[in-house]
Amino acid sequence: MSLAQSLQSQLCSAARQSPLLAKKLHAQIIKAGLNLHEPIPNTLLNAYGKCGLIQDALQLFDALPRRDPVAWASLLTACNLSNRPHRALSISRSLLSTGFHPDHFVFASLVKACANLGVLHVKQGKQVHARFFLSPFSDDDVVKSSLIDMYAKFGLPDYGRAVFDSISSLNSISWTTMISGYARSGRKFEAFRLFRQTPYRNLFAWTALISGLVQSGNGVDAFHLFVEMRHEGISVTDPLVLSSVVGACANLALWELGKQMHGVVITLGYESCLFISNALIDMYAKCSDLVAAKYIFCEMCRKDVVSWTSIIVGTAQHGQAEEALALYDEMVLAGIKPNEVTFVGLIHACSHAGLVSKGRTLFRTMVEDHGISPSLQHYTCLLDLFSRSGHLDEAENLIRTMPVNPDEPTWAALLSSCKRHGNTQMAVRIADHLLNLKPEDPSSYILLSNIYAGAGMWEDVSKVRKLMMTLEAKKAPGYSCIDLGKGSHVFYAGETSHPMRDEIIGLMRELDEEMRKRGYAPDTSSVLHDMDQQEKERQLFWHSERLAVAYGLLKAVPGTVIRIVKNLRVCGDCHTVLKLISAITNREIYVRDAKRYHHFKDGNCSCNDFW
DNA sequence: GTAGGGTTAG
């Protein structure tokens, strides 16, 4: 074998190994004067791309005397691998401006870049699709599979289906992509139908279906399928499906089931797999079992940014802001680079604990030291931090000048802070803005109505009420789910048909009496109907989380934690009530609502009454 | 040199 051939083959394996090895080989290639010897430059470019050295890849590309389709494709792949889809697209613009005609390899990479850019770039995606359609490569099935995936990521599975139907010979990959596309988009019946039709019912197809269902919030269906998959004797030769099932337990906050899945993970021998451990940390944290989450975290021999972020976010969500920040310092010391998700968790922790200057510093660190461009979520966290702590002017300045468009929840959060800090003037200003956005969340209307009422603006109150009436019909019913291990039990607001109805009501009356002795007065400001005070109090009395807690107190093993998941947010009055109940009954109560975690203990809540 | 299934966000 010649030196060139030897270096070439070493490069191919270097691609899968270390950046260091790739650089060493590059040096040897230059020394041997082979840096322009075909196909070495392209192979080197490919190797740099595969091991994440995007800068080196770009430099190398710029120095190439001749740029063939292989070089372009390799460069685009490098951009995709290092998560720089914008870069890929800007490269493609310069590529097209030179009059270069992309081949099927280049198209596949471009489609992937558009997919990674997400739904805001549908237009670019469709343009690439059109160009591909008109090209001599328009029959290529690989590009078609990536198009199906791209449209799924845009939430447009029907466009993907049209591409799928145009494929002449469907293979395992095209089937899997389409099944996953439907499942991720929440189109479960189409996903099921296709899954029953595919000749490739392999682990990939099962994983695509199950994880797609988890991602679209159909965790229960996903779980049933996982059981079916095990019954069919599909061998779990790699653990990707397990992380999805563990994720389903996390989303549903099913602690008992989560523990069982942890058992399955151990049985199948994947407990030391990095991303499975990450999924387990998240699951235990979301099921409010921070002790177990921390145990898994500590036992891991290798931790990546997801492991650290999961434990930081989990800790912060349970009200332990200082500890979350301490974990971040440890993470930095351990040499792990935080990502955009880490900072959402951190700034949120600061907001929770009122650490304004710390949060501001972190935001600056994120942008200046880590080169992360802030997303709406980051601005929302920062805004939350300012407004909760009473820095209302700074908050208003931020919401009006931030470079991303604030959405309804962002304006609503600012508005509720104005209310809490008693700044009526600003509240009305913000309320007018929110009203113009035509809010969809019923709680926004309650907030607006309260603000206008507080300012004596009765015309606006009635305007809001009218809008609210039309919305009322569309409102999702509130329910709470209690996990007793032997299965979970769902309570709907106002439910009166439960077999244990009398016992539940009896206990609730008893608790109500004791609460009133301790000074409890119902806060009916979250009830939206026009009705008298007594009727409003009756409405509150039947909120689903109270029914679930009462049932839990009656049925759960004495002394154990009561775990409840609610689909909507806990109202202010229920929050007060749950704090009182935790003190009266001396029980810990976890409630995960649509937005936050509440750990009630001894009359207090881990959210510090910020929610 | 191109395509499919996985974990972290309020």
Side-chain angles (χ1 to χ4, degrees), chain A residues 15 39 42-43 45-47 49-50 68-78 80 102-112 115 137 140-150 152 167 171-181 183-184 200 202-212 214-215 238-247 250 273-283 285-286 304-314 316-317 338-348 351-352 375-378 380-381 383-384 409-410 413 594-597 611:
Chain A
N42 282 341
T43 317
L45 185 59
N46 183 35
K50 292 250 162 81
D68 60 6
V70 181
W72 284 105
S74 300
L75 188 65
L76 291 170
T77 304
N80 285 338
D103 68 1
H104 44 310
F105 289 93
V106 171
F107 274 122
S109 294
L110 278 180
V111 171
K112 191 171 197 150
F137 303 95
D140 188 85
D141 291 346
V142 173
V143 178
K144 287 183 181 178
S145 285
S146 41
L147 280 168
I148 298 171
D149 185 55
M150 178 188 81
I167 295 177
N171 61 19
S172 164
I173 294 177
S174 33
W175 277 100
T176 309
T177 313
M178 194 65 240
I179 292 169
S180 160
R184 274 182 287 168
Y200 305 96
N202 51 24
L203 182 63
F204 272 45
W206 281 100
T207 308
L209 181 60
I210 291 172
S211 59
V214 174
Q215 284 168 43
D238 72 57
L240 270 70
V241 70
L242 296 177
S243 57
S244 287
V245 188
V246 171
C273 171
L274 177 71
F275 67 85
I276 293 289
S277 297
N278 290 346
L280 286 168
I281 293 174
D282 181 55
M283 182 276 289
K286 288 215 166 88
D304 68 357
V305 60
V306 178
S307 331
W308 283 97
T309 303
S310 301
I311 197 71
I312 287 172
V313 169
Q317 278 169 337
N339 67 15
E340 65 284 0
V341 184
T342 321
F343 284 105
V344 171
L346 288 169
I347 301 170
H348 185 240
S351 156
H352 211 283
S375 68
L376 176 60
Q377 276 133 331
H378 295 114
T380 307
C381 286
L383 191 78
D384 207 44
T410 309
K595 262 229 153 92
R596 269 179 225 289
Y597 292 76
W611 81 98

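These values consider heavy atoms only, across backbone and side chains, with no hydrogens, waters or symmetry-generated copies. Letters go in sequence order (proteins before strands), and every chain restarts at 1. What you see is a predicted model, and the numbers here were worked out from it, not measured in a lab.
Checking the phosphate oxygens (OP1, OP2) of B/dA9, a side-chain nitrogen or oxygen of A/Lys286 falls inside 4.0 Å. Put simply, A/Lys112 has a side-chain N or O that comes within less than 4.0 Å of OP1 or OP2 on B/dA3. At least one side-chain nitrogen or oxygen of A/Asn46 sits closer than 4.0 Å to the OP1 or OP2 atom of B/dG1.
For A/Asp103 and B/dG1, a side-chain-to-base donor-acceptor distance below 3.5 Å is present, hydrogens and geometry of angles not being considered.
With rounding to whole Å, A/Leu376 atom CG is found 16 Å from B/dA9 atom P. In this structure, A/Asn80 atom CG and B/dA3 atom C1' are separated by 12 Å, rounded to whole Å. For the pair A/Leu110 CG and B/dA3 C1', the computed distance is 14 Å after rounding to whole Å. Atom CG of A/Leu209 and atom P of B/dG4 are 18 Å apart (whole Å).
Residue A/Asp304 is out of contact with every strand shown, counting any heavy-atom pair closer than 4.0 Å. Among the atoms of the strands shown, only primed sugar atoms or phosphate atoms (P, OP1, OP2) are found under 4.0 Å from some heavy atom of A/Ser243.
Remark: A/Ser174 pairs with A/Asn171 by the side-chain hydrogen bond (donor to acceptor under 3.5 Å, both in side chains) rule, at least two apart or across chains. For A/Phe137, the ring pair (Phe, Tyr, Trp, His ring centres under 6.0 Å) test picks out A/His104, with sequence neighbours left out.
Rounded to the nearest 0.5 angstrom, A/Ser244 OG and A/Ile210 CD1 are separated by 8.0 Å.
Checked options A/Ile167, A/Thr176, A/Val111; the residue passing with A/Ile148 is A/Ile167 (criterion: side-chain contact (heavy atoms from CB on, under 4.5 Å)).
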